[in-house]
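Okay, so here's the structure we're looking at.
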Amino acid sequence: MDAGRLRKAPENFLDRQGIAEVAAQARGGRRDFIRGAFAAAAAGMALPAVRAQAAAPADGDPNILSLPDHAKGLGQPVAVGYGKPSKYEANVQRRQSPGLTQTTQASVSFAPLQSLFGIVTPSGLHFERHHQGWWDIDPSKHRFMVNGLVKKPRVFTMDELMRLPSVSRFHFIECGANTGMEWGNVAVPTAQYTHGMLSCSEFTGVPLITILEQCGVDLAKGKFVLAEGGDGSSMTRTIPMDLIRSGEVLVAYGQNGEMLRPENGYPLRLVVPGVQGVSWVKYLRRVEVGDKPYATKDETIHYVDLMPDGKHRQYTSIQECKSVVTTPSGGQVLLDKGFYNVTGLAWSGRGKVKRVDVSVDGGRNWRTARLEGPVMSKCLTRFSIDWVWDGKPAIIQSRATDETGYVQPNYRQLRAVRGTRSIYHNNAIQSWLVEESGEVKNVQLG
Ligand SMILES: Nc1nc2c(c(=O)[nH]1)N[C@H]1C(S)=C(S)[C@@H](COP(=O)(O)O)O[C@H]1N2
Ligand SMILES: [Mo]
């Protein structure tokens, strides 16, 4: 068992027995092994004692002492075609939450945040949320229509759209229901399930405003746009024209340098930076310019916030500043006391992340983390901070602040405003308890 693998959640590499084995190896077994090497040297191996003493701890490992096959033979021929990850990474996968109904026609799969580096989600690990299943639509037959308050209503083919001036930008997408189960105090076990309805890609497409202008949009009257998806869910959402005029909203066909994945809306989806995932309409087939919000089913029945006074809050579309520590996080095991790089992700639907503070004592003391550049607007930001674990129980938290000065709330602060009966828009501080055994658990602090 390779101890280096412990950087990741056990569900990615190790089962319970695997964890026990590695922990035992770390505590006693490895020392025995080193002692064994000393004994062998003393028993007449041709090593001077002094060299054996210096070399044994580092060099006693057969994985460094003996030449592996891959250093001696001929490797595989070129991997033509579409490349795949190493077979040793096979457990890094999107998953359905154990806390939700497992469906054959899955409605949501979560991204393995605890296994990812940097800020970009590999396309094959991007979370999925389908209200009515996904489709692999023939792009030569896909059409995109613009109508409503425009002088020249028009239908575009994909080829016509892809001739227009395009841009590529990095943005996060987060489902409004991400971290939703935590409202009900359900401690789902891993960062994948607490925060994994979150992904980040480089999206390529045409600013929607460019297309609307081509169609002669009436910007005096046209204050809202209805976006409609082509799948059976009749996904329809209202997008304010102000957001579109900023040039940020894209009619996108590209994701991480290639065409969108079918699960993510191939061949066309709306990208609405900073706004909850549901507005990023997939299989986009129509936009209509209107003078008021459309109050569709997906913005009156769903994606509304039930407030403490019993009223529903509508059109709370922007994903407020939020963060989560991904290592160490629930389900992972710390092998031993000593140095760890605590790292995680921060984001804000209102712009750039300005600062992230990290606590290892449940919020009593905070230290400011390093932000990995470039820090981009409405994009994931990777943070990290040094930590020397003393082997005692610790509660690890992160608290992000965005460029508007907004500070991510704790549960007490969030519930004071939002009550307890919401499903959507939980951006509270996440707490991970590191037990003396090294096991990391999801706990909720007030
Ligand atoms: N046409 C269509 N668009 C859709 C959906 C859908 O079911 N159909 N789901 C929405 C929801 S609720 C979310 S969170 C995002 C998820 O995008 P992803 O599957 O690419 O992660 O797409 C949104 N756009
Ligand atoms: Mo969603």
Side-chain angles (χ1 to χ4, degrees), residues 96-97 99-100 106-111 113 121 126-132 171-184 186 188 191-201 226-227 229 231 233-240 243 248-249 263-265 269-282 284 293-307 311-324 345-351 378-380 400 402 406 408-409 411 414-415 417-430:
Q96 295 191 66
S97 170
L100 296 171
S107 73
V108 52
S109 72
F110 295 71
L113 300 182
T121 313
H126 192 291
F127 87 95
E128 305 158 81
R129 174 71 180 102
H130 316 301
H131 290 242
Q132 197 73 20
H171 290 296
F172 76 83
I173 166 173
E174 182 183 22
C175 176
N178 201 24
T179 327
M181 278 197 282
E182 312 286 294
W183 278 114
V186 181
V188 294
Q192 179 156 17
Y193 304 127
T194 57
H195 289 75
M197 283 197 275
L198 169 76
S199 292
C200 184
S201 296
L226 178 80
D231 55 327
S233 71
S234 309
M235 176 58 65
T236 39
R237 291 283 305 184
T238 304
I239 317 292
L243 264 185
E248 284 189 4
V249 179
E263 310 90 289
N264 304 122
R269 91 174 303 166
L270 206 60
V271 164
V272 194
V275 169
Q276 61 179 337
V278 66
S279 290
W280 297 46
V281 174
K282 301 191 277 191
L284 183 68
Y294 283 79
T296 70
K297 67 171 169 47
D298 294 301
E299 44 203 25
T300 49
I301 303 170
H302 309 294
Y303 301 94
V304 292
D305 301 320
L306 183 54
M307 302 299 281
K311 287 188 181 152
H312 273 113
R313 211 168 64 165
Q314 262 182 280
Y315 296 112
T316 45
S317 296
I318 294 186
Q319 295 296 102
E320 299 290 355
C321 188
K322 185 167 169 182
S323 68
V324 62
L345 295 164
W347 61 100
S348 167
R350 297 200 187 270
K378 304 174 187 178
C379 181
L380 293 188
D402 70 16
Y406 174 95
Q408 184 184 3
Y411 271 100
L414 184 73
R415 290 203 165 106
V417 179
R418 298 279 308 282
T420 54
R421 290 181 292 166
S422 271
I423 300 170
Y424 304 104
H425 308 120
N426 174 2
N427 68 325
I429 290 172
Q430 171 69 39

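All residue numbers in this chain count up from 1 along the given sequence. What you see below is based on every heavy atom in this structure, not just the backbone, and it leaves out hydrogens, waters and symmetry mates. Bear in mind the structure is a predicted one, so any value in this text is a computation, not a measurement.
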* Asked: Does any donor atom in the side chain of E174 or W347 lie under 3.5 Å from an acceptor atom in the other side chain?
  -> yes
* What closest approach, in Å, do W183 and L414 show between heavy atoms, and which atom pair accounts for it? -> CH2-CD2, 3.3 Å
* Asked: So, D298 and T296: side-chain donor and acceptor under 3.5 Å apart, yes or no?
  -> no
* Asked: Just wondering, do F110 and H195 contact through their side chains at under 4.5 Å, heavy atoms?
  -> no
* Which heavy-atom pair separates G196 from N178 by the least distance, and what is that distance? -> N-OD1, 3.6 Å
* Can V271 and V249 be said to form a side chain to side chain contact (heavy atoms under 4.5 Å, CB included), step by step? -> CA-CA 6 Å; V271 164; V249 179; over 6 Å; no
* Are any side-chain N or O atoms of R269 and backbone N or O atoms of L284, one a donor and one an acceptor, separated by less than 3.5 Å? -> no
* Test log, rule side chain to side chain contact (heavy atoms under 4.5 Å, CB included), inputs I318 and R350 -> CA-CA 7 Å; I318 294 186; R350 297 200 187 270; 3.7 Å; yes
* Would you please test H425 and Q276 for side chain to side chain donor-acceptor pair (under 3.5 Å) and show each step? => CA-CA 9 Å; H425 308 120; Q276 61 179 337; 3.0 Å; yes
* Asked: Side chains of Y411 and N426: donor-acceptor distance under 3.5 Å anywhere?
  -> yes
* Do E263 and H126 touch side chain to side chain, with heavy atoms closer than 4.5 Å? -> no
* **Beyond-backbone contact of Q430 with S323, side-chain heavy atoms, under 4.5 angstrom** => no
* To do: Would you kindly say whether D305 and Y315 are connected by a side-chain donor-acceptor distance under 3.5 Å?
  => no
* Going by atom types only, do K297 and S234 share a side-chain donor-acceptor pair under 3.5 Å? -> no
* Return yes if a side-chain donor-acceptor contact under 3.5 Å exists between S348 and D402, otherwise no. => yes
* Structure fact -> dist L113:CG -> Q192:CD (nearest 0.5 Å) comes out at 7.5 Å
* To do: Using atom types as modelled and distance alone, determine if a side-chain donor or acceptor of E299 lies under 3.5 Å from a backbone N or O of T238.
  => yes
* Asked: Is the closest side-chain donor-acceptor distance between K282 and H130 under 3.5 Å?
  -> yes
* Side chain proximity check, S201 to H171, heavy atoms < 4.5 angstrom -> no
* **Pair E182, T194: side-chain N/O donor-acceptor within cut-off below 3.5 Å** => no
* Aromatic ring pairing Y303/H131, orientation class (parallel under 30°, perpendicular over 60°, tilted between) -> tilted
* Taking W280 for its side chain and V272 for its backbone only, find out whether a donor-acceptor pair lies under 3.5 Å. => yes
* Asked: Taking all atoms of both residues into account, what is the closest heavy-atom pair of V108 and M197, and its distance?
  -> CG2-SD, 3.4 Å
* What pair of heavy atoms forms the shortest contact from I173 to F127, and how long is it? -> O-CE2, 3.5 Å
* Shortest non-hydrogen separation from S279 to R237 and the atoms involved -> OG-NE, 3.1 Å
* Asked: Where is the tightest heavy-atom contact between G349 and K378, given as atom of each residue plus distance?
  -> O-CE, 3.4 Å
* Can you tell if the side chain of V304 reaches within under 4.5 Å of the side chain of R313, non-hydrogen atoms only? -> no
* **Steps toward side chain to side chain donor-acceptor pair (under 3.5 Å) verdict (S109, E128)** => CA-CA 5 Å; S109 72; E128 305 158 81; 2.5 Å; yes
* List the steps, then state whether side chain to side chain contact (heavy atoms under 4.5 Å, CB included) holds for Q408 with E320. => CA-CA 8 Å; Q408 184 184 3; E320 299 290 355; over 6 Å; no
* To do: Let me see the working for T121 and L198 under side chain to side chain contact (heavy atoms under 4.5 Å, CB included), right down to the final yes or no.
  => CA-CA 9 Å; T121 313; L198 169 76; over 6 Å; no
